[in-house]
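Written out below as structure tokens is the structure these notes cover.
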Amino acid sequence: MSLPTTAELTGLYHRMLRIRRIEEAIATRYAEQQMRCPTHLCIGEEAIAVGICAHLTVADKVFSNHRGHGHYLAKGGSLVGLLAELYGFAEGCCGGRGGSMHLSDLNAGFVASTPIVGGTVPVAAGYAWAEQIKGSGNVVVVFFGDGCFEEGVVHETLNFAALKKLPLVMVCENNQYSVMTPLNERQPARDIYPIAAAHGLNATSGDGNRVEQVHALAQAAIAAVRAGAGPQFLELHTHRWPEHCGPNEDDDLGYRPPGELATWKLRCPLRHTEHMLRLCGVTDGDLQVMEQQIGVEIDQAFAIALSGRRPDVISMTHHIHV
Amino acid sequence: MSLPTTAELTGLYHRMLRIRRIEEAIATRYAEQQMRCPTHLCIGEEAIAVGICAHLTVADKVFSNHRGHGHYLAKGGSLVGLLAELYGFAEGCCGGRGGSMHLSDLNAGFVASTPIVGGTVPVAAGYAWAEQIKGSGNVVVVFFGDGCFEEGVVHETLNFAALKKLPLVMVCENNQYSVMTPLNERQPARDIYPIAAAHGLNATSGDGNRVEQVHALAQAAIAAVRAGAGPQFLELHTHRWPEHCGPNEDDDLGYRPPGELATWKLRCPLRHTEHMLRLCGVTDGDLQVMEQQIGVEIDQAFAIALSGRRPDVISMTHHIHV
Amino acid sequence: MSDVMTLSYGAAIREALDDALARHPDMLVIGEGVPDPKTIFSTTQGLRETYGAGRVQDMPLAENGMTGICIGAALAGMRPVLVHQRIDFALLAMDQMVNNAAKWCYMFNGQQKVPLVVRVIIGRGWGQGPQHSQSLQAMFAQVPGLKVVMPTTAGDAYHFMLNAIADDNPVLFVEHRWLHHITGEVDKRQPAAGVTGAARLRQGNAITIAAFSHITIEALKAATVLAEHGIEADVVDMRCLTPLDVETVANSVAQTGHLLVADCAPEMASIGHLLISRLYQRQPTLLKQAPRLVAYPNHPVPTSHFLANDYYPGAEHLAAAILEILDRRPLITSVCRSLQSTLARDQPDRYFVGPF
Amino acid sequence: MSDVMTLSYGAAIREALDDALARHPDMLVIGEGVPDPKTIFSTTQGLRETYGAGRVQDMPLAENGMTGICIGAALAGMRPVLVHQRIDFALLAMDQMVNNAAKWCYMFNGQQKVPLVVRVIIGRGWGQGPQHSQSLQAMFAQVPGLKVVMPTTAGDAYHFMLNAIADDNPVLFVEHRWLHHITGEVDKRQPAAGVTGAARLRQGNAITIAAFSHITIEALKAATVLAEHGIEADVVDMRCLTPLDVETVANSVAQTGHLLVADCAPEMASIGHLLISRLYQRQPTLLKQAPRLVAYPNHPVPTSHFLANDYYPGAEHLAAAILEILDRRPLITSVCRSLQSTLARDQPDRYFVGPF
Ligand SMILES: Cc1ncc(C[n+]2csc(CCOP(=O)(O)OP(=O)(O)O)c2C)c(N)n1
Ligand SMILES: Cc1ncc(C[n+]2csc(CCOP(=O)(O)OP(=O)(O)O)c2C)c(N)n1
Ligand SMILES: [Mg+2]
Ligand SMILES: [Mg+2]
């Protein structure tokens, strides 16, 4: 595994920090009851989206699920488009029709996220199939969770992807929970990626909280796809910090064993990377500049988003068909 | 692997021969256009049903699919009930409502076959789950094909079976075809059973045309289930001789590579077993007696079935609900 | 606990599950989140504690497989109650619901039975959006062999649930999320036999309102205000989709001569058409005016609350339709004004603050 | 080849696929058996040879996944035509059809489109039985965003297929297996614009028959014999389920004053109710008598041909219903006698000898 350079690592850190601060800002402002939609934050899981998308061009495509903010932002989706979408304004990336759970920014190659679990997985494979038929050379990445892996359609997709040697990277974000249900109530004690391997995909697993590791695994996987080696599967271990859906913490509910969340917080992807960066000579000052830049960007983005326009009621009937 | 005794082998041979002759008789009489339903014969694949069911008690349960005659008969389903069902008579095992593709004989522990591919697989698992909850000690077996393995619901079932350590044996009859489509147009080049193994089932494969091998694999698998070792998966290689659906040969259609069927016919499960029996001292005379007994049974069964009663038209509206 | 109590609809379901678990040793409750701290909007609260993890279970995310598994368990003598937090997720299980559950008894000539209950919840509000707020009940109601019930009141929720669990046939139990918090009287002594068909919730001679699920609440509000103007509506809560109780509506219409059907579904997906069509075929001269169906528009629900607010018809729309049918248009403005809700229209009640 | 030809319905579909493959370089045809020797009842015959294995493909048995995959390909600019040999199998794909295909354009605010055609075939006869002969078209027709077409004639099969493929929206193309062998004129010069809504196949002033798919053939037979008795029926082939052409039926009924709706589906699953209900809401006084819906009974189709024969209404049932509506009961016996088919009722045509 090749390690990222300091410059690369700084870039990765910046993107993770940006996602973290955006999610935190959303959480803070959610209480104002202006973002009136179910919102699944990815705080604690930023390294995966960032580490993977670092290797993608704008022409490569990403698909995601209900927990899509990080994927959307890491792929370069418009921040104002995201926030306006959460507020339900016409300027939202889906005109307000989708909210947090349906995002799209075609300019950035982020095709779609949708909240029916498993729903985008075969769609991503079909998109990859078309890219293959057209010989575009583009790679398609689909992000999904450990819960999602239980859906039959994911396995149908594994078979088709292997059959056609699709230019597809399937990224399973294993955060051990499906809503509040732990893995051991849903799956037997075994890893996920060997199932993909048994289907014929090139499959491996890694620590989803170490961005340099995700970055290296993704580099290999995406290079393999570009070299025509067919579909790749990454199982990346991580943990969600906030509640499943909504802006709050929920450790008081007791569905996570005592100490579990705290342990994962110690393994914070940002803190870990910050530590590495400091070893590489990055200073407090550098990090403060970064924080500040991001803070300004976010404040501005909220300001623009909040000045959005309510969609006309009549527009509700548009686009049922093309 | 422990080999069956001569007496056991003779019994296995007898049951395979009986299924073969019944299927042939159905094929012959199908042309009379009295059995007016889609009929999927299992000629060439008899060893699997017989080798597995040899280890089951009446209290153990079997589920099957569109190609269910062999499973039904091997589990002890009523022959007259089967034939009357094919003719659409009231005495049919489902009162004529199901025809060849829906069979049931609860007295024999053959719960159901249905023709939506994959349809009975989770149902069998659910049945096994109930047996487990009730602590009955019964084993549930479900037969399905290589094509069926492509359906997502089978993989959902693998996960649940492994999670709950169900008393379930999943038997994949890999005859390399789904209707006329060969495996390589549907699945990548890899075995099927390792996927089940990756899910956490005890999985293995074997020659489905050698009844002694099926018998031995089944013995181990079913003993393991009875010992509480959880679900077992067997991928058994075999080949269908007649057309997918209907009474005829169809090698002229050219969807099988030239010589493929002929090679598989050389590996006929009956011929192979006959050879072994002869080595054990079974004589021409013994085999002729067997043939004759079976012939008489079949002729009688057809005669009884054909004297069946047309179901009353009004009965069509019955049993929509219990 | 007394036999008569005031409970929310959600609590009435919980009570029914509790009583049924006590009554039927073979009953199971299973679904994503059933035993989690949120307990399906509190409808399964405490059940795991009382009846154990063996009978009250979570499950993998595999709607079709789990439906098949519950069918198998039902065939083997269990009584599973399978829960989907949204009816949208039941689309993944259409194969097992329609090909197997609905037909098993028929296909096997009455020799086998599937005592399965599937609970599904229609989502609404707080940006549930296109994939989490569909009203698919009519899709299931057109399947021979499936029973579909959709009670509106807490009392009915209790008794219909008990009946569904005791039923040896597959029953789809449709809940509207916005009913969960509404309270009503639950009288446990009510005989089970009485819980079928439609129910007249209010008597009147001016017009019949045949309403389905949550919009029945809106119909009652409209009827109350219309009554202040001397217009007495006969409000029929349809409650069961299969069999659909055309008889009760026909009897009511015979008195009123006018019909408004109100449904919680897009117009093109409304079972109201079945009701209207069967009535028309039965007796084309009963009505003095054309019947009206008030339902949702024929497109998905957009997430933005600025739009979704106008997606759902409320009491004021029903009242306006009634005043049009009765040719009392001048009243529309004042009646609708008094019916307008001050509550944000994407929140079911004043205590609701998201995110669900 | 000439622009006007006589083709069977199945051959017309093949011809349309052929012409469309030539016209649209991004079109794909995919389905179980598409390139096998039986070529989906000959409807895909020769296509692989002409257009190559890349564009005419078989597929794994994975209806939901393959639907999602075709949606993805469509989003990326392909035009997939996905084929299911039975509409029953499409139940496995309900999730992708309803949650994704139907809503994608709407959910993403018109920024993306899904030019997907899904062909499904309604099975009948020769013991297809409960799981292979369902009539589920109304289930799909109630989904906003899905277009559902169900042409009856060979000419329409050709043009509707071309239109469906050219359409940038998802279209469900419903074929009835018993139409495949029926021949008709295919005129390729017909303008594409004309191929929408319902079509009047026969003019008459005594009664309107609004018929769906294969039962339109039976309606025409009934109309022919009734004409011998001076009863001229106006036969409307409904052809499209969404949008449903109520206008054409209303115009016809305005002339005839009587309505028989005939559908290939169980009564409780018939889109005929939508038609009748919308007509009633629109104009309650058009009809002189109650309308009638002739459809299948509300249970699965049993396999036994002794039973299935009586499951399906034919021309004689339609004629009898018409004579009842028109109060000409004395004619029923003789009309029905002349309509009775000598063909076994589980065989679509005389050349059919099973097993499909
Ligand atoms: C088909 C379907 N079933 C259930 C749900 C409800 N649901 C939404 S998110 C979720 C958990 C998914 O878990 P996972 O895939 O691990 O993703 P995570 O939330 O952990 O990131 C569930 C069950 C759904 N949206 N779709
Ligand atoms: C869900 C579904 N899709 C398609 C079919 C049509 N079909 C019937 S049998 C069959 C082939 C199944 O192949 P396999 O599982 O290998 O069993 P085999 O016939 O080879 O024994 C197909 C595709 C079906 N019955 N159900
Ligand atoms: Mg998870
Ligand atoms: Mg096979």
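Remember, predicted model here, so these are calculated numbers, not experimental data. In what follows, every chain begins at residue 1, and chains take the letters A, B, ... in the order their sequences are listed.
- Chosen from H305(C), Q57(C), M59(C), M66(C), the residue pairing most often with chain A at heavy-atom distances under 4.5 Å is H305(C).
- Looking at H319(A), neither its backbone nor its side chain comes within 4.5 Å of chain C, counting heavy atoms on both sides.
- Of the atoms belonging to N298(C), it is backbone heavy atoms, and not side-chain ones, that fall under 4.5 Å from chain A.
- Distance check, rounded to the nearest 0.5 Å: CZ of R36(A) to CG of N309(C) gives 7.5 Å.
- In this structure, the side chain of Q131(C) engages the main chain of I116(A) through a donor-acceptor pair within 3.5 Å.
- Contacts of C94(A) with chain C are absent, with no heavy-atom separation under 4.5 Å from either backbone or side chain.
- Residue D58(C) touches chain A through both its backbone and its side chain, counting heavy-atom pairs closer than 4.5 Å.
- Residue Y87(A) touches chain C through its backbone alone, counting heavy-atom pairs closer than 4.5 Å.
- Heavy atoms of other residues, nucleotides or ligands lying less than 6.0 angstrom from CZ of R310(A) number 12 at most.
- When heavy atoms are compared at a cutoff of 4.5 Å, N248(A) does not approach chain C at all.
- Looking at L92(C), the atoms closer than 4.5 Å to chain A (heavy atoms on both sides) all sit in the side chain, from C-beta outward.
- For chain C, the option among E151(A), E85(A), R97(A) with the highest count of heavy-atom pairs below 4.5 Å is E151(A).
- The nearest pair of heavy atoms linking E150(A) to L61(C) is OE1-N, 2.6 Å.
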**Request:** Apply side chain to side chain contact (heavy atoms under 4.5 Å, CB included) to T181(A) and E32(C), showing your working.
**Result:** CA-CA 8 Å; T181(A) 311; E32(C) 289 147 21; 5.7 Å; no
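- If you measure heavy-atom distances from E63(C) to chain A, the contacts under 4.5 Å come from both the backbone and the side chain.
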**Asked** Under the side chain to side chain contact (heavy atoms under 4.5 Å, CB included) criterion, do D310(C) and M316(A) qualify, and how do the steps go?
**Response** CA-CA 9 Å; D310(C) 286 282; M316(A) 176 161 71; 4.3 Å; yes
**Request:** Step by step, work out the side chain to side chain contact (heavy atoms under 4.5 Å, CB included) result for M101(A) and H132(C).
**Result:** CA-CA 10 Å; M101(A) 305 197 295; H132(C) 279 60; 4.1 Å; yes
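- Shown here for W126(C) and P38(A), the closest heavy-atom pair between the two residues is O-CD, 3.2 Å.
- Between T317(A) and P297(C) the shortest side-chain heavy-atom distance does not fall below 4.5 Å.
- In this structure, chain C has a heavy atom under 4.5 Å from the side chain of V179(A), while its backbone stays farther away.
- Per-residue counts of heavy-atom pairs under 4.5 Å with chain C were compared for L86(A), V117(A), T114(A); the largest is that of T114(A).
- Nearest heavy atom pair, residue T303(C) against residue C37(A), reads CG2-CB, 3.9 Å.
- Ranked by heavy-atom pairs under 4.5 Å with chain C, the first of P247(A), P115(A), G254(A), G246(A) is P115(A).
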